[in-house]
Amino acid sequence: MMGEFKAPKGTKDILPDDSPRWDRFFNAVETVYKNYGYGRIDTPIFEAESLFARGIGDGTDIVNKEMYAFTDKGGRKIALRPEETAGVVRAFLEHDLGRNNPLFKAYYKGPMFRYERPQGGRQRQFWQVGVEALGSADPALDAEVIDCALESLSAAGLEDLKLHINSVGCPICRPGYTTVLRGYILTEPDRFCPTCLERAEKNPMRVFDCKNPGCAAALQAAPLITAHLCAACADHFSAVLAALQVIGVAAEPDPRLVRGLDYYTKTAFEIKSGALGAQDAVAAGGRYDGLVEQFGGVSTPGIGFAVGVERVLLATEAAGRPAAGPDVYVATLGAEARQAGLAAAKGLRRTGFAVAVDFSDKSLKKQLSYADKAGAGFTLIVGDEELQTGAYVIKNMRTGEQAALDPESLEPWLTSQKQEGA
RNA sequence: GUGAUCGUAGCUCAAAGGCAGAGCACCGCACUGUGGCUGCGGUGGUUGGGGGUUCGAGUCCCCUCGGUCACCCCA
C-alpha cells in the first residue's frame, strides 16, 4: 500500500536485500585502496558554498546549476557536497596534513549531491569512492593513481574497461591553446551548432564533447592540445604514458578528452565501462596542482579520482546472492515459551550465533515455514512440552533431523554441528 | 533545464471508451505441535494525484508528481 511519501526525486533506498552487494563492493575497493597506502577520510556532507564555488569553478555547471545550496539558521551559505576533492583539500589545509608527510594519501566513500535530471546511472544523491594524493608532482604517481583506480574496479568485478587519458595543460600553456582553438572555430562559424559557438567563447575545449555529427566533422582538423602543451606539461604527459606502459596498463590517449571541473591541470583521465548506456564513465580524475594554493595554502600538487558506485553496480552482474539466513530460528508456542525462547536466543547470540526469534504467534507449521523462508540453518522449538521436560527441540532444516536438548547444551551442540557442516 | 515515453494488486504484466483481471507472492484449509511438494479456497485496487470531455474514462484532453531514455552535464 503506497503511503503518502516517496523517496525524493533522484534518490533511492538501499534495502536490506541490496546491501550485501554494496558491502561486497566497498570491501573490495577499500582493500585495494589500503593496499595502495590510502587511509580513510570522512569529511562533512555539507561545507561552505564558497568552498565548492572556488574549487570546482564559478563557471561550471556543477556550481551554477547543480548545487544543493541553502542558508542555515545562522545565516551561513551552505551547500551539500557535489564531489569530495574540495572537502579533502580543505581538511588537508585545516589540519596541516602536509607538514609531517611528504605525500598525504586518503580515500573516501560517501554520498554526493547534484541537482540534475535523473537518468540511469545518474541520481541526485549518489555514492562515490575515491582517493586523493597531495604532495607530489611526479608523473609516476599519476600512473600509480590510475592503476589504483583500475585495480579497484576490477576487484569490484568490472570487466570491459577502457582508460582514456589526456593532458589538459596548465595555466601557462592552456590559455594559448584555447585561443588557437577558438580562432579555428570562429574561422568557419557556419559549420558549428549554436551551443558550440557559445562554448567557443566560454570554454572552447568543451566543443569536443559535442555529439552533433556536423560539429564532429568540422572538428576533424581542429588543432589539438597535444601540440600546444608547454615543455613541462608535454614531458609530464609522456612520462605518465611511459610509466603506465611499464606497469602494464593499457591507455588510450584522447586529445579531445575534457573535464567539467576547472581545477584540473596536466593529467586528466576517464574510465569507461562498455556495459553502460550514455552515462558510461565509471571513474574519472586527474591532477589539480593549483587547487591547494587556490585555497590559500602553500603550493602543493595533487591528484585523485572518483568512482561512481551506482554506475559500477549497474555495470556488474546483479548476481543476486541472497543475504545469509540466521543460524537459528526460534519458534515458540505461547507467551511463557516465547520468554524461554528469548532467553535461549540471547545466550546463543552472545556466543556468536545469528538468531532470529519468531514473534508472529502463528502455528508451529507457519513458524517453520518462516524459518525456511528466512534460510535458517536450525529451528529451535519451544512449547509446553519442552517447558515441562526441560528438553528443547532443535531441528536441522536441511536434513530434517531433530534432537531434544536441555538449554545449556544447545550452544556446544550447535558449535559441534557447525564444525561438522563446514 | 529541453525532448520523448511510461505509471493498473506487494512484484511482473493484461484489459483496443462499456462488469478492473492473470501469474507469482501473501493468508487459510486438507495436515489442531513440524518447513520445502501438491490440491482447493480466500484477502488484496480510490488504475500515482487533481481537473476536464462523455450517458459512461484505466483508456481521450489539460495540469501535477514520479520512473525510464536521450540531450545537457557528469561519477
Side-chain angles (χ1 to χ4, degrees), chain A residues 1-12 15 17 56 60-66 81-85 108-130 149 153 193 195-196 198-199 203 206 209-212 257-261 269-273 276-285 304-315 325 329 331-334 337 358 360 362-387 393-402:
Chain A
M1 192 90 34
M2 177 75 79
E4 187 182 348
F5 295 109
K6 293 184 196 169
K9 182 176 178 128
T11 67
K12 279 187 175 152
L15 301 174
D17 278 351
I56 297 166
T60 61
D61 283 352
I62 290 181
V63 167
N64 284 334
K65 327 192 294 202
E66 298 176 4
R81 61 186 188 192
E83 57 100 49
E84 182 61 14
T85 303
Y108 58 84
K109 64 169 177 181
M112 307 295 157
F113 305 84
R114 292 181 200 172
Y115 190 88
E116 294 186 275
R117 186 91 160 241
Q119 191 175 333
R122 194 174 71 184
Q123 296 169 208
R124 292 184 171 181
Q125 174 176 333
F126 60 100
W127 283 69
Q128 285 190 337
V129 296
L153 291 173
C193 69
T195 45
C196 276
E198 201 178 310
R199 285 177 179 134
N203 187 354
R206 292 231 76 106
D209 280 340
C210 190
K211 277 148 194 151
N212 185 317
L257 176 69
V258 186
R259 305 269 64 231
L261 288 68
F269 64 94
E270 214 169 271
I271 301 171
K272 294 190 175 195
S273 162
L276 293 176
Q279 313 298 328
D280 62 349
V282 96
F305 65 80
V307 172
V309 178
E310 284 86 356
R311 289 187 185 178
V312 172
L313 262 26
L314 274 177
Y329 191 92
T332 62
L333 295 160
D358 186 289
S360 72
K362 296 261 169 97
S363 68
L364 178 61
K365 178 187 179 67
K366 206 65 213 169
Q367 293 189 53
L368 276 161
S369 100
Y370 291 150
D372 189 44
K373 206 176 312 169
F378 293 87
T379 299
L380 179 69
I381 300 171
V382 186
D384 290 339
E385 291 172 23
E386 288 73 18
L387 290 178
V393 172
I394 182 95
K395 173 166 187 162
N396 183 320
M397 295 300 282
R398 246 215 343 251
T399 66
E401 293 167 18
Q402 47 186 56

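Chain naming here is simple, since letters A, B, ... match the order of the sequence lines and numbering starts at 1 in each.
Distance CG (A:L15) to P (B:C11): 12 Å, rounded to an integer number of Å. In this structure, CZ of A:F5 is placed 15 Å from C1' of B:G66, rounded to the nearest angstrom. Rounded to whole Å, the distance from CZ on A:R117 to C1' on B:U2 is 7 Å. As rounded to whole Å, 14 Å separates atom P of B:C74 from atom CG of A:D280. The CD atom of A:Q367 sits 12 Å away from the P atom of B:G35 (whole-angstrom rounding). The distance between atom CZ of A:R124 and atom C1' of B:G67, rounded to the nearest whole Å, is 13 Å. Distance A:Y115 OH to B:U2 P: 11 Å, rounded to the nearest Å. In this structure, A:E66 atom CD and B:U2 atom P are separated by 15 Å, rounded to whole Å.
Counting only Watson-Crick and G-U wobble pairs whose two key distances fall under 3.5 Å, RNA chain B forms stems of three or more stacked pairs at B:1-7 with B:65-71, B:10-13 with B:21-24, B:26-30 with B:38-42, B:48-52 with B:60-64.
Residue contacts shown for A:R259 are limited to sugar-phosphate atoms, with no base heavy atom under 4.0 Å away. Across all strands, A:E270 comes closer than 4.0 Å to no nucleic acid atom at all (heavy-atom distances). Residue A:G10 is in sugar-phosphate contact alone, with no base atom involved, counting any heavy-atom pair closer than 4.0 Å across all strands shown. When heavy atoms are screened at a 4.0 angstrom cut-off, A:T379 is found touching no nucleic acid atom at all. Backbone-only engagement by A:A284 is indicated by non-hydrogen atom pairs under 4.0 Å involving sugar-phosphate atoms exclusively. Residue-level contact check: A:L261 touches the backbone only, with heavy atoms under 4.0 Å from sugar-phosphate atoms and none from bases. Residue A:E84 is classed as having no contact, given no heavy-atom separation below 4.0 Å to the nucleic acid. Within 4.0 Å (heavy atoms only), A:G121 reaches at least one base atom of the nucleic acid.
Under the salt bridge (charged side-chain N to carboxylate O under 4.0 Å, His left out) criterion, A:K395 pairs with no residue, sequence neighbours left out.
Residue whose closest nucleotide on RNA chain B sits further toward the 5' end, between A:K362 and A:L368: A:K362. With the nearest nucleotide of RNA chain B identified for both A:D61 and A:K9, A:K9 has the one nearer the 5' end.
Contact annotation: A:K65 does not reach the phosphate of B:G1 (side-chain N/O to OP1 or OP2, under 4.0 Å). Distances shorter than 4.0 Å separate none of the side-chain N or O atoms of A:K365 from OP1 or OP2 on B:U34. The side chain of A:K395 contributes no N or O atom lying less than 4.0 Å from OP1 or OP2 of B:G33. A close approach under 4.0 Å does occur between a side-chain nitrogen or oxygen of A:K373 and OP1 or OP2 of B:C26. Taking only side-chain nitrogens and oxygens, A:Y370 never comes nearer than 4.0 Å to OP1 or OP2 of B:G36.
Across B:C55 and B:G41, the matching C1' atoms stand 39 Å from one another, rounded to whole Å. Nucleotides B:C24 and B:U43 place their C1' atoms 15 Å apart, quoted to the nearest Å. Comparing the P positions of B:G51 and B:U47 gives a spacing of 13 Å, expressed to the nearest Å. Annotation: B:A25 and B:G42 have their C1' atoms spaced 14 Å apart (nearest Å). B:C60 and B:C69: their C1' atoms are spaced 25 Å apart (whole Å). A distance of about 12 Å separates the P atoms of B:G50 and B:G58, rounded to the whole Å. B:A9 and B:C72 are spaced 36 Å apart, taking the P atom of each and rounding to whole Å. For the C1' atoms, the distance from B:U59 to B:G52 is 15 Å, rounded to whole Å.
For the pair A:Q367 (side chain) and A:S360 (backbone), a donor-acceptor distance under 3.5 Å is absent. Put simply, the side chain of A:E310 gets close to the backbone of A:W127: a donor and an acceptor are under 3.5 Å apart.
Counting atom types as modelled, A:R311 pairs a side-chain N or O with a base atom of B:C74 as donor and acceptor under 3.5 Å. Counting atom types as modelled, A:Q402 pairs a side-chain N or O with a base atom of B:U34 as donor and acceptor under 3.5 Å. Taking 3.5 Å as the limit, the base of B:A75 and the side chain of A:R122 contain no donor-acceptor pair of atoms between them. Taking 3.5 Å as the limit, the base of B:G35 and the side chain of A:K366 contain no donor-acceptor pair of atoms between them. Judged by distance alone with a 3.5 Å cut-off, a donor-acceptor contact links the side chain of A:E386 to the base of B:G33.
Pairing each heavy atom of A:P82 with each of A:I62, the nearest pair is CB-CG2, 3.7 Å.
You'll find that the side chain of A:L364 is closest to B:U34, out of B:C72, B:G35, B:U34. Of the candidates B:A75, B:U34, B:G66, the closest approach to any side-chain atom of A:F126 belongs to B:A75. Out of B:G35, B:G67, B:C73, the shortest distance to the side chain of A:P118 is found at B:G67. Among the nucleotides B:G1, B:A75, B:G33, the one closest to any side-chain atom of A:R114 is B:A75.
Taking OG1 of A:T379 as the start and CG of A:L368 as the end, the distance is 5.5 Å to the nearest 0.5 Å. Taken to the nearest 0.5 Å, the CZ atom of A:F113 stands 11.5 Å off from the CD atom of A:Q123. Once rounded to the nearest 0.5 Å, the distance linking CG of A:L261 with CG of A:D61 reads 10.5 Å. The CE atom of A:M112 lies 4.0 Å from the CZ atom of A:R81; values are rounded to the nearest 0.5 Å. Atom-to-atom distance recorded for A:R311:CZ and A:Q279:CD is 5.0 Å, nearest 0.5 angstrom.
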request  = Show your working on salt bridge (Lys or Arg N to Asp or Glu O under 4.0 Å) between A:E83 and A:R114 and close with a plain yes or no.
outcome  = CA-CA 9 Å; A:E83 57 100 49; A:R114 292 181 200 172; 6.0 Å; no

query = Would A:V307 and A:V282 satisfy side-chain contact (heavy atoms from CB on, under 4.5 Å), going step by step from the backbone distance to the final call?
reply = CA-CA 6 Å; A:V307 172; A:V282 96; 5.5 Å; no

